[in-house]
Visitor: 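Structure in structure tokens, see below.
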Number of protein chains: 2
Amino acid sequence: MERESLDQLTRRNVRTVEARRDVIREGERPRAVNVVLEGWACRYKQLPDGRRQVVSFFVPGDFCDANVFILKQMDHSIGAITRVRIAEITPEDFQGLMDRSQRVTQALWWHELVDAAISREWTANIGQRTAYERIAHLLCELFLRLEAVGLSRNCKVDFPLTQTDLADATGLTAVHVNRTLQELRRDGLIELHGRVLIIPDLARLQDVAMFNSNYLHLEHEGRHLDAND
Amino acid sequence: MERESLDQLTRRNVRTVEARRDVIREGERPRAVNVVLEGWACRYKQLPDGRRQVVSFFVPGDFCDANVFILKQMDHSIGAITRVRIAEITPEDFQGLMDRSQRVTQALWWHELVDAAISREWTANIGQRTAYERIAHLLCELFLRLEAVGLSRNCKVDFPLTQTDLADATGLTAVHVNRTLQELRRDGLIELHGRVLIIPDLARLQDVAMFNSNYLHLEHEGRHLDAND
DNA sequence: CGGGTAATTGACCCGGGTCAACAGCAGTGG
DNA sequence: CCACTGCTGTTGACCCGGGTCAATTACCCG
């Protein structure tokens with residue numbers, strides 16, 4: 001039942017944003033809760049001098065901040081990586097959703113908590129790991145998240161990020177990402193060509209990345225209320 | 001009225017944790033929402049090989065994750081920096097709090113959103129800024145947060161972090177933090193001796209740090225329901 | 001086939017890490 | 001009152017992971 005009311009809302013206001021365009025920009029007033037239905041997007045922050053940091057990726061099923069509209073303005077931008085289809089849920093609809101069902105509210109809190117956990121993991125990733133471990137870690141995370149929403153097929157996922165995207169997300173330069181990806185390939189940990197990523201032995205990749213999936217909290221029932229699963 | 005019911009809850013189960021002890025450890029099941037009443041604490045994550053990343057600091061008034069008990073286990077630890085007094089709010093009380101008042105619920109969401117925003121800012125800070133900018137940025141943030149809860153007095157705040165804490169929070173080594181603090185002192189941007197931090201000209205420090213306070217969302221009313229203000 | 005984006009390579013450099021010694025100072029116990 | 005211990009801060013010498021700059025080389029798409 002909750003499933004259905006959510007589905008309904010995500011069908012109402014759908015818009016499409018072209019690849020490499022912004023969904024919403026830092027400084028703007030958030031109008032709605034965005035749900036990514038299709039495609040990839042990212043949050044990013046930009047320093048006055050142009051340096052750019054991607055602070056999270058959105059894959060299908062992800063919410064961009066339940067309740068953002070509580071805040072007066074965006075403190076970061078959301079950009080489309082590929083062309084994305086995005087559902088906008090108005091504050092009223094969103095409130096209604098939470099009023100109607102305790103379970104949906106729980107699921108939304110769950111999603112927020114996981115989102116926060118991912119963000120902290122990124123901080124630790126960038127702060128402590130070497131380039132090699134760091135990229136391996138990010139790939140593990142993305143792979144598992146895609147798998148969780150049914151977007152993997154025998155160790156293979158669609159992977160639209162450029163090396164520049166990876167660089168902006170890991171705090172490295174594109175040149176160094178390039179070299180590091182080559183090492184990962186050479187070591188047989190990944191296959192990455194064009195838009196396809198293959199991780200032949202996830203356990204091994206997790207190992208070198210010191211990846212512990214606990215922060216994704218994949219076992220909880222709450223996740224089954226995600227927009228896509 | 002909401003103010004009072006919250007105050008009441010934070011008086012009920014208070015415990016004290018000594019400096020440098022853990023409040024709760026990664027892997028444990030979260031039992032309650034923790035509110036820091038007094039002292040400083042931090043969240044941190046530790047890699048299997050010992051590298052440690054502090055992913056946030058808690059100062060008086062801060063909530064450690066509304067609703068954490070939704071999750072099955074902690075994906076990080078919370079450690080006391082100084083001796084801290086912490087109120088534990090049980091899941092039931094917490095739920096009651098939210099059921100009783102829409103405004104409190106909003107304030108809690110506000111707090112979660114700000115917490116997430118801070119976490120993202122840290123990611124960007126570590127990913128993009130130089131050591132000098134990075135430390136300056138962290139000091140700006142902490143100063144403003146302390147000010148917001150009334151813990152500053154003419155440009156001066158109590159500052160119990162060691163250089164090792166700063167190192168773990170910024171992804172630098174303690175040695176380099178030491179050298180960078182000396183530079184900041186030499187440039188007249190900070191005075192830091194013992195447990196006292198003085199920022200004679202905050203605007204100037206913000207400038208070199210490229211610090212934009214928007215992510216703290218200080219202007220919102222919601223913050224006035226924090227445990228300490 | 002032309003134009004643009006993304007990936008790759010090479011040469012060189014620097015911010016910050018590492019290692020190791022030492023200084024300052026608070027607490028503690030004799 | 002002083003020696004002892006342990007933590008925090010400081011300094012110096014040396015090194016390396018990753019950045020910078022600049023030129024190519026795929027690749028994709030119309």
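Just so we're clear, the structure is a prediction, and the values are computed from it rather than from any experiment. Keep in mind that the numbers below use all heavy atoms, side chains included, and drop hydrogens, waters and symmetry copies.
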Visitor: Nearest whole Å is fine: how far is C/dA7 C1' from A/R195 CZ?
Guide: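 Checked: the CZ to C1' distance equals 16 Å.
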
Visitor: What does the B/S/- profile of nucleotides 10-27 of chain C look like, 5' to 3', with a 4.0 Å heavy-atom cutoff to protein?
Guide: BB----BSBB--------

Visitor: In the structure I gave you, are the side-chain heavy atoms of B/V33 and B/F69 within less than 4.5 Å of one another anywhere?
Guide: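 Counting from C-beta outward, B/V33 and B/F69 do come under 4.5 Å.
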
Visitor: CG of A/N178 versus C1' of C/dT5: gap in Å, rounded?
Guide: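 About 14 Å, once rounded to whole Å.
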
Visitor: In whole angstroms, how far is the C1' atom of D/dT10 from the CG atom of B/L166?
Guide: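 My rounded result for the distance is 15 Å.
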
Visitor: Rounded off to whole Å, could you give me the CZ-to-P distance for the A/R20 and C/dG4 pair?
Guide: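 The distance from CZ of A/R20 to P of C/dG4 comes to 18 Å, rounded to the nearest Å.
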
Visitor: Taking everything shown except B/R25 itself, do over 12 heavy atoms lie less than 6.0 Å from its CZ?
Guide: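 Check fails, neighbour count at 12 or below.
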
Visitor: Look at B/Q182 and D/dT11 and indicate whether a side-chain polar atom (N or O) is within less than 4.0 Å of OP1 or OP2.
Guide: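 Checking B/Q182 against D/dT11: at least one side-chain N or O falls below 4.0 Å of OP1 or OP2.
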
Visitor: Hey, which of A/F57, A/F143, A/W40 is the one that makes ring pair (Phe, Tyr, Trp, His ring centres under 6.0 Å) with A/F159?
Guide: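 That would be A/W40; it is the only one of A/F57, A/F143, A/W40 passing the ring pair (Phe, Tyr, Trp, His ring centres under 6.0 Å) with A/F159.
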
Visitor: D/dT8 P sits how many Å from B/D165 CG, rounded?
Guide: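 Atom CG in B/D165 sits about 8 Å away from atom P in D/dT8.
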
Visitor: Using 4.0 Å as the upper bound for N to carboxylate O, is an ion pair formed by B/R51 and B/D168?
Guide: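 Not counted as a salt bridge, because no side-chain N and carboxylate O are separated by less than 4.0 Å.
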
Visitor: Is the shortest distance from a Lys or Arg side-chain nitrogen in B/E121 or B/R129 to a carboxylate oxygen in the other one below 4.0 Å?
Guide: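 Yes, B/E121 and B/R129 are salt-bridged.
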
Visitor: So does B/A169 get a backbone contact from the side chain of B/R52, meaning a donor-acceptor N/O pair under 3.5 Å?
Guide: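 Absent.
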
Visitor: The criterion is side chain to side chain contact (heavy atoms under 4.5 Å, CB included); which residues satisfy it with A/E191, sequence neighbours excluded?
Guide: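 For A/E191 the side chain to side chain contact (heavy atoms under 4.5 Å, CB included) partners, ignoring immediate neighbours, are A/I198, A/P200.
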
Visitor: So, the side chain of B/E141 versus the backbone of B/L138: is there a donor-acceptor pair under 3.5 Å, distance only?
Guide: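 Absent.
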
Visitor: Produce a footprint string for nucleotides 23-30 of chain D: one letter per nucleotide, 5' end first; B if the base is under 4.0 Å from any protein heavy atom, S if only the sugar-phosphate is, - if neither.
Guide: --------

Visitor: Rounded to whole angstroms, how far apart are CG on B/L192 and C1' on D/dT8?
Guide: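 Between C1' of D/dT8 and CG of B/L192: 12 Å.
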
